[in-house]
Structures are given as C-alpha cells and as structure tokens.
Amino acid sequence: MRRYKILLAGSLCVTLLLVVLSADIHAKEEERKAINNTAAAIEKPTITSDWQRYFPRQYGAWKQTKNSHELSDMVKKWPALAIVWAGYPFSKDYNAPRGHYYAVQDNVNTLRVGAPSESVDSPLPTACWTCKSPDVVRLMETNGDLDFYTGMWNRWGSEIVNSIGCYDCHKANSGQLKVGRSYLNAGLTAASLPTFEQSTHQVKRDLVCAQCHSEYYFRPTPNGEATARVVTLPWKDGLGAEDMMKYYNTGSNFPNGKPFSDFENKLSKTPIVKAQHPDYELHLTGIHAKKGVACADCHMPYTQEGSVKYSDHAVGNPLTTVEKSCIPCHRESEAKIMSILKEKYDRKEVLFGMAVNNLAAAHLEAKKAWESGASAEEMAKPLSLIREGQWRWDYAAASHGGFFHAPDETLFIFAKSNDLAQQARVALKEVLAAHGVKNYVAPDFSTKEKAQKLAGWDMASLIDDKKRFKKTVEQEWIRQAKENGILDTEIRDYKDDVSSYYGNAK
Ligand code: HEC
Ligand code: HEC
Ligand code: HEC
Ligand code: HEC
C-alpha cells in the first residue's frame, strides 16, 4: 500500500511537471509563431515602420543600420579608379558601402546618376534602383519587370523613396524569407542550381543577400518600341571570375551577337566589363561557405533575449558583434581575431594597389600609342590584356568584404590581374617603340583632382548641377512621395546628408 502511494505521488509529480513543461513549450511555440507571423495585415509593407508593432526586436535592430553613416571616398583613396573607368560614370564618384539605411539616399546623391531635370535625363537606366528599396519590389509586382526596367533612372525618383527594408527579404506580415526579384532565380536556373524556393533553409540565409550582393549586367531587352535594361546575373558558365569572363567574351550569349562590355575606356578605347560587388560569388569560394556558414550567421547573428531567440537585424560589420558572430564557433580572443583580419586586409590593399596602378598606367600608355599612330591591329593584343586584367581587378576590388570572405581567391585574382596589366604594358612598350616613342612616362595621376582631369571630367560643373538638382528636383520627388502616402516619414529625415562633394566624406 505504501509503495502504491509513493508511486501515485511520484506519477502525480511527473504529470504536474509535464503540464508545466508543455505549458512552457506551448508558450514558446506561441511566441515563435507570433515572432514569425502576424495575422493582422500590414497594409503597405514597403513602409517599414508599420512592421514595428508586430516585430519590435527586428525593427529596432534594423533601424541601427543608420549608425554606420561614415562614407569613404574610394576615388580619393585610389585616384587610379578615375583612369581605369574614364568615360564611365563611376570615375566621377565612387564610395565604399555603408549601412542599408542609406541605400536610397546614396543612390540619389552619387554624381553617377547625374542631375536630371524636366529637360535632361539621367545618363543611367532605371535598373540602378534595383538593389536599393522595397519600393522596387512593389513596382515590379504592380507593373511587371519589363516596365520597371524601361526608361532612365529619374523616371522613378518620386516612387523609390524607402531604403532597404523588411519587404526586401520577407513575405508581407511574416518572418518567412522570400526574394522579390525574379532575376535571382533566373540566374540560379541558368547555373543549374536550385531556385530560392527549392533551396535549404541555410542556403536561403545566403540567397536573400545574393539578391543584391552579386555580379550583374543590364541586358538590353525589347519592350514594345522601347528597350528595357534588365538586371541579369551572368552565371550560365559558372559563378567564378574566370567563368563570368568567358560568359561576357562569348558573343552568342548576347542579343547583338557580340562580346559584352559596359563601356569603352575613353583614354585607351578598351571595351570594359565593369564588375559589380560579387560578394555572394566570392563568399562561396571561402572556407566559411564551404563549411556551411551563411551570410546571416555572421551579419545577422542569433540573439537570445529571455526565452526568445531572434536574428540581429542590424546588418553591418560583424567585427562590432564578434561575441555573437564569431565566438560561438571560434575560441580565439577578440584581439586575436582582429589582428588576423588586419593582416588579411593589409595584404589585400597592397595587391589591389599594384594591380590598379598598373592598369591605369596601361590605359594612359595605350592613349599615347593611339596618338603616335598605332593601328587597331597593333592595339588588339594590349587592349585585350587590359580588358582581361581589369575585369579581374574589379571583380576582387568591388567585393569589399572579399579579403575576409575568401582571402586566397581574392589575392589570387588580384595577382592574375596584375600579371595581365604588366603584360599589357610590355606589349604597349613595343607598339610605342615601333612608332618611335621611347621611355614614355604616363602623366601623373596621384591625386583625385589630377586623375579626374585626365579622365576628362569638368567636376566643378558636375557638382554645381548636382547641388541644384538636390535643392529642386529631389525636393519635388520627396514632396510627391509624401503626398502619395508612400514615404515612410518616421524613418527618412533627410538631415544628415553626406557625400564626396559636400566635403564630409572620409
Ligand atoms: C536583408 C534581408 C532582411 C531584411 C531587410 C529584414 N530581414 Fe528579417 N530576417 C532575415 C533573415 C536572413 C532572417 C533569418 C531567417 C531564418 O533563419 O529563419 C530573418 C528573420 C526574421 C524573423 C524571424 C525571427 C528571427 O528574428 O529570426 C522576423 C520576424 C523578421 N526577420 C522580421 C523582419 C522585420 C520586421 C524586418 C524589417 C524591420 C526585417 N525582418 C528585415 C533577413 C532580413
Ligand atoms: C535590396 C538589396 C540588398 C539586400 C537584400 C541586401 N543588401 Fe546589403 N547592401 C545593399 C546596398 C545597396 C548597400 C550599400 C548601401 C550604401 O552604401 O548606401 C549594402 C551594404 C551592405 C553592407 C555594408 C554595411 C556597412 O555598414 O558598411 C553589408 C555588410 C551588407 N550590405 C550585407 C548584407 C547582408 C549580409 C545581406 C543579407 C542578410 C544583405 N546585405 C542584403 C543592398 C542590399
Ligand atoms: C564568417 C563570417 C561572415 C560571413 C559568412 C559573411 N561575412 Fe560579410 N563580412 C564579414 C567580416 C568579418 C567582414 C569585414 C568587416 C570589415 O572589416 O569591415 C565582412 C564584410 C562584408 C562586406 C563589406 C562591408 C564594408 O562596409 O566594407 C559586405 C558587403 C559583406 N560582408 C556582405 C556579405 C554577404 C552578402 C555574405 C554572404 C554572401 C557575407 N558577407 C558572408 C563576415 C562574414
Ligand atoms: C558557424 C561557425 C562559424 C562562424 C559563425 C564563424 N566561423 Fe570562422 N571558421 C569556421 C570554420 C568551420 C572554419 C574553418 C576551420 C578549419 O577548417 O580549420 C573557420 C575559419 C576561420 C578563419 C581561418 C580561415 C581563413 O579564411 O583564413 C578565420 C580567420 C575565421 N574563421 C574568422 C572568423 C570571424 C572573424 C568570424 C566572425 C565574423 C567567424 N570566423 C565566424 C566557422 C565559423
């Protein structure tokens, strides 16, 4: 009897414990559901502040991308950029990336998009907005991709006003991931890779970023009478630097049957392919990706708050969150990690500089060769070497995190680029000699001012036009967006404007 009582009491205790535990599990499950979904519809998902009622933690962290406000002027740091991109808008103005909060503002501010007005269009197409805003997803959903990609950049000035937000990575009202830009799946399919929907959860934690942090080009595509410039990922032959060069060099990949180039360098007349931040592609070649670590693991680490685990949405420099981003996998001290990274960064800077300075010299030497009477036939080999070398330099350079994501690959590509640039210079020496020019020394491009002058820009008037545009056209765009109720007024305050030409960039 006593034994029976003990057993009864024991099983009662267990039952009680189970009830308590299951209530706790239930509560956690509810919390998880609440954190992932909200039944209440957010009427305008492009208004990011409307999400905060339901997802205050993610919203609060997301807003902190505003804290990464420093702007670093890359042309000032590396004047050679103005020479290698001569004739292309990038040589006017190019800055290192900063917080997601600033994507729209920096796109409007850059001298690259020009100073459009009622009578003058921007020199760049609408496609330049693609990676800046959830308003892009809205326009693609309402009017279709082809319409979005038709016309010049200024067409969407009053429509694309909110910087990268929840609706860029999530289904409306939910923490479930999605990609709202169809070219990503098109690129994955061309590369025979699973689409976003077919991918594992961990791969999706990379692919939401790959929507924007990837190499692309604007593919001319007919839209009735007009031509749309459609963002296209050149992944058909693979995702490496060599694969993509092969793709761009193969005429049959393009509607006009000719190898692709974004522009012709104004000084050397080299047809150039401009690389655009292949962060995802370079990351794939690094040890972290090979071990299954995704972008979000470092840039959006899990954070524990009581019983709630959520992702830190302050996407930025993981070295400010080493405790959450790195220490879960590494036992090294923070100081040790920092010193390892500093060494990687410094080595990258040396090879970056060698390659780009040799490329810039080659462009100027080619200019001299043309002026000295060189024929197109004589120039074919050196120009082809410049094209190949510059593609590789730009591929490694445009991915600002490459020195860490994939240090071997980054240094390897810079080394190849530098070799090709040197070969071009040797070939040019021969061409110059054949036309009686010996010991030619390219003009000095050691400061931003000198280099942009050589590139042929009248910077003072470009900047004047831009400042006028900002006081007039931009203000009108903001007014219209407010009137149409599409501007998230809680977030954009337009107060802290930073740009290379206001003199407040680094
Ligand atoms: C750049 C892409 C991106 C943006 C912008 C973004 N998220 Fe997320 N979000 C993610 C990723 C990646 C995860 C992790 C998903 C996973 O592993 O299930 C996530 C997870 C979530 C979750 C699930 C719980 C958690 O924290 O892991 C919620 C809820 C969420 N996000 C809400 C938001 C809200 C609200 C915004 C806007 C204020 C936002 N997100 C902006 C990429 C993004
Ligand atoms: C909708 C396009 C888009 C998506 C999606 C996106 N990014 Fe970005 N990202 C940008 C742009 C544009 C910038 C540069 C903003 C600027 O300089 O004004 C940027 C900047 C950054 C920076 C530099 C931040 C700083 O403070 O210096 C990091 C790091 C970054 N992104 C990582 C990520 C990661 C990780 C993901 C996925 C979780 C992601 N991004 C998703 C477009 C995007
Ligand atoms: C193993 C951790 C890790 C992973 C995985 C990772 N990153 Fe990074 N990322 C870093 C670190 C560390 C830096 C260097 C930060 C610094 O020194 O400025 C960085 C730098 C960057 C930068 C340059 C920021 C700047 O302002 O110069 C971008 C953009 C970026 N990462 C995007 C991504 C994207 C997109 C992915 C996935 C395709 C990714 N990262 C995967 C850790 C990681
Ligand atoms: C999810 C686990 C994980 C996270 C998070 C992670 N790492 Fe790693 N890291 C690894 C693994 C696994 C390796 C490969 C180790 C090996 O195979 O010896 C590695 C290798 C490295 C290496 C040496 C490889 C190289 O490229 O030189 C460095 C440096 C490094 N990690 C730094 C970092 C930093 C900094 C962070 C945070 C921003 C970080 N890691 C975040 C798992 C992780």
Side-chain angles (χ1 to χ4, degrees), residues 62 64-72 74 94-110 128-137 163-170 177-181 184 202-214 276-302 311-330 332 334 336-345 348 398-410 498-499:
W62 168 84
Q64 287 172 29
T65 62
K66 188 178 183 182
N67 298 342
S68 176
H69 56 83
E70 208 162 71
L71 196 73
S72 155
M74 292 293 283
Y94 175 59
N95 307 305
R98 55 177 179 154
H100 279 171
Y101 175 88
Y102 298 100
V104 164
Q105 187 65 69
D106 287 340
N107 192 238
V108 172
N109 282 1
T110 180
C128 293
W129 291 107
T130 310
C131 283
K132 310 294 182 282
S133 165
D135 293 316
V136 169
V137 180
S163 203
I164 303 164
C166 323
Y167 202 48
D168 279 302
C169 302
H170 292 292
L177 297 178
K178 70 130 203 240
V179 294
R181 293 164 172 82
L184 179 67
Q202 184 64 357
V203 171
K204 285 181 178 165
R205 290 161 55 82
D206 266 342
L207 289 179
V208 284
C209 314
Q211 289 185 84
C212 303
H213 290 272
S214 298
Q276 324 273 358
H277 43 72
D279 303 313
Y280 172 63
E281 296 93 327
L282 264 173
H283 154 76
L284 289 183
T285 70
I287 189 73
H288 285 104
K290 286 180 181 161
K291 297 275 182 182
V293 186
C295 318
D297 290 322
C298 298
H299 287 278
M300 302 180 66
Y302 284 124
S311 308
D312 181 348
H313 276 60
V315 175
N317 184 346
L319 299 181
T320 59
T321 50
V322 170
E323 200 59 48
K324 285 190 292 180
S325 296
C326 322
I327 302 299
C329 297
H330 293 285
E332 288 83 4
E334 196 167 325
K336 177 91 180 288
I337 288 180
M338 292 300 204
S339 83
I340 293 173
L341 258 74
K342 169 131 192 357
E343 188 178 59
K344 288 181 191 297
Y345 181 81
K348 182 268 295 192
S399 182
H400 296 264
F403 77 94
F404 170 72
H405 298 147
D408 316 359
E409 180 78 357
T410 300
V498 178
S499 77

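Indexing begins at 1, ligand by ligand and atom by atom, following the structure's order.
Nearest to atom 39 (C) of ligand 2 by heavy-atom distance, out of His100, Glu70, His313, His299, is His100. Looking at Cys298, Pro407, Ala406, Cys329 and measuring to atom 43 (C) of ligand 4, the nearest heavy atom belongs to Cys329. Within the set Ala289, Pro97, Cys326, Ser72, the minimum heavy-atom distance to atom 26 (O) of ligand 3 is found for Pro97. Checking Lys291, Glu323, His288, Lys324 against atom 12 (C) of ligand 4, the nearest heavy atom belongs to Lys291. Closest to atom 17 (O) of ligand 3 by heavy atom, among Tyr280, Phe403, Tyr345, is Phe403. Counting only non-hydrogen atoms, the option in Val104, Ile164, Thr130 that gets closest to atom 42 (C) of ligand 2 is Ile164. For atom 35 (C) of ligand 4, the choice among Ile337, Val322, Ile327 with the nearest heavy atom turns out to be Ile337.
In this structure, Ala296 has no heavy atom closer than 4.0 Å to ligand 2. For the pair Glu332 and ligand 4, no heavy-atom separation below 4.0 Å is found. Every heavy atom of Ser399 sits 4.0 Å or more from the atoms of ligand 3.
In this structure, Gln202 places its CD atom where more than 12 heavy-atom neighbours from other residues, nucleotides or ligands lie under 6.0 Å away.
The minimum distance between atom 8 (Fe) of ligand 2 and any N, O or S atom of His213 involves atom NE2. Here the N, O or S atom of His405 that is nearest to atom 8 (Fe) of ligand 3 is NE2.
For a threshold of 3.5 Å applied to N or O pairs, the pair formed by Ser68 and ligand 2 contains at least one separation below that value.
Near Asp168, meaning under 4.0 Å from one of its heavy atoms, ligand 2 places the atoms 1 (C). If you number the atoms of ligand 4 from 1 as listed, the ones under 4.0 Å from a heavy atom of Val293 come out as 1 (C), 2 (C), 3 (C). Listed by atom number, the atoms of ligand 2 under 4.0 Å from Cys212 heavy atoms are 1 (C), 2 (C), 3 (C), 4 (C), 5 (C), 42 (C), 43 (C). Of all the atoms in ligand 2, the ones that sit under 4.0 Å from a non-hydrogen atom of Met300 are 38 (C). Which parts of ligand 2 touch Cys131 is read off a 4.0 Å heavy-atom cut-off, strictly below it: atoms 1 (C), 2 (C), 12 (C), 42 (C). Counting atoms of ligand 2 from 1 in the listed order, those under 4.0 Å from a heavy atom of Tyr102 are 18 (O). Numbered from 1 in the order shown, with element, the atoms of ligand 2 that lie under 4.0 Å from a heavy atom of Val208 read 5 (C).
Among protein heavy atoms, atom 18 (O) of ligand 2 sits closest to Asp106 OD2, 2.5 Å.
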- Can you list the steps and then say if Asp106 with Lys132 is a salt bridge (charged side-chain N to carboxylate O under 4.0 Å, His left out)? CA-CA 9 Å; Asp106 287 340; Lys132 310 294 182 282; over 6 Å; no
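Between atom 8 (Fe) of ligand 2 and Cys209 there is no N/O/S contact shorter than 2.8 Å.
At a heavy-atom distance under 4.0 Å, no atom of Asp297 approaches ligand 4.
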